[in-house]
Amino acid sequence: MADHLVAFKAQIGGSFRVEKIDGDCIIFSNGHCPFGKEVVGRTSLCQMTTNVFGRVAANATGFARVHVAESLARGDARCLVKVRLSKPVDDIDDGQDFYG
């Protein structure tokens, strides 16, 4: 599924790659935004990535929580997106929940 998400985002101009897979958590990174410099200060554009990753992952697994930990829109050097595929017991993770 991680490779599918990377390929899907590539079709719309993203350059995400899998940074790490740790149990039920997939971490993606990206150093280039399809919106270019126009994204800076417009964090609402990150919601498109959140929705794409969340919808696809939840449809495949039944649940996904997506958290944009770093973003080019906020002035970070890269985007770092965490996709958790099971609901955490302690519920301390930030992010948006999606259900399949």
Side-chain angles (χ1 to χ4, degrees):
M1 183 189 39
D3 291 336
H4 178 71
L5 288 170
V6 168
F8 185 80
K9 288 297 281 185
Q11 290 177 359
I12 56 174
S15 59
F16 278 91
R17 67 181 186 91
V18 176
E19 187 81 17
K20 181 179 178 182
I21 297 177
D22 185 13
D24 72 340
C25 185
I26 306 169
I27 300 174
F28 298 91
S29 64
N30 180 24
H32 166 78
C33 182
F35 296 108
K37 293 181 182 189
E38 298 299 317
V39 76
V40 176
R42 295 185 171 118
T43 56
S44 62
L45 293 173
C46 300
Q47 189 62 40
M48 288 192 295
T49 295
T50 300
N51 287 338
V52 167
F53 281 16
R55 266 294 107 227
V56 171
N59 286 345
T61 66
F63 175 83
R65 177 173 289 174
V66 181
H67 173 63
V68 179
E70 298 175 22
S71 76
L72 295 165
R74 286 193 301 247
D76 294 316
R78 65 180 180 171
C79 291
L80 192 70
V81 180
K82 298 178 181 182
V83 179
R84 181 176 292 275
L85 302 176
S86 65
K87 193 163 186 165
V89 176
D90 54 20
D91 213 24
I92 62 170
D93 287 346
D94 285 338
Q96 185 173 343
D97 290 351
F98 294 84
Y99 296 88

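Numbering of residues begins at 1 and proceeds along the displayed sequence. Owing to the predicted nature of the structure, the values given are computational and were not obtained by experimental measurement.
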Using every non-hydrogen atom in the two residues, find where Leu80 and Ile27 come nearest and quote the distance to one decimal.
CD1-CG2, 3.5 Å
Within the distance-only criterion (no hydrogens, no angle test), does the side chain of Arg78 pair as donor or acceptor with the backbone N or O of His32 below 3.5 angstrom?
no
Heavy-atom nearest pair, Asn59 first then Gly100, reads OD1-CA, 3.8 Å
NZ (Lys9) with more than 12 external heavy atoms under 6.0 Å:
yes
Carefully, step by step, assess Ile26 and Met1 under the rule side chain to side chain contact (heavy atoms under 4.5 Å, CB included).
CA-CA 10 Å; Ile26 306 169; Met1 183 189 39; 4.1 Å; yes
Distance in Å, Arg42 CZ paired with Lys37 NZ, rounded so as to fall on 0.5 Å steps:
14.0 Å
In the structure I gave you, are the side-chain heavy atoms of Tyr99 and Lys87 within less than 4.5 Å of one another anywhere?
yes
Do Thr49 and Val68 have side chains that approach each other closer than 4.5 Å (heavy atoms only, starting at C-beta)?
no
Could you tell me how the ring of Phe53 sits relative to the ring of Phe28: parallel (under 30°), tilted (30 to 60°) or perpendicular (over 60°)?
tilted
Here the pair of heavy atoms bringing Ser29 nearest to Glu19 is OG-OE1, 2.6 Å
Between Ala64 and Ala57 the two heavy atoms that sit nearest each other are CB-CB, 3.6 Å
Is a donor on one side and an acceptor on the other found under 3.5 Å between the side chain of Arg84 and the backbone of Asp97?
no
What's the shortest heavy-atom distance between Ala73 and Thr43, and which atoms?
CB-CA, 3.8 Å
Taking Val83 as the starting point, is it possible to reach Met48 by hopping between hydrophobic residues whose side chains are less than 4.5 Å apart?
no
Starting from Val66, can I reach Phe63 by hopping between I/L/V/M/F/W/Y residues whose side chains sit under 4.5 Å apart?
no
Polar side chain donor-acceptor pair, Ser71 to Asp76, under 3.5 angstrom:
no
Which atom names give the shortest non-hydrogen contact between Lys82 and Ala69, and what distance separates them?
CE-CB, 4.2 Å
Can you get from Val18 to Val52 by hopping between Ile, Leu, Val, Met, Phe, Trp and Tyr side chains that sit under 4.5 Å apart?
yes
Looking at side-chain heavy atoms only, is the closest gap between Phe98 and Asn51 below 4.5 Å?
yes
Supply the atom-to-atom distance Leu85 CG to Ile21 CD1, rounded to the nearest 0.5 angstrom.
9.0 Å
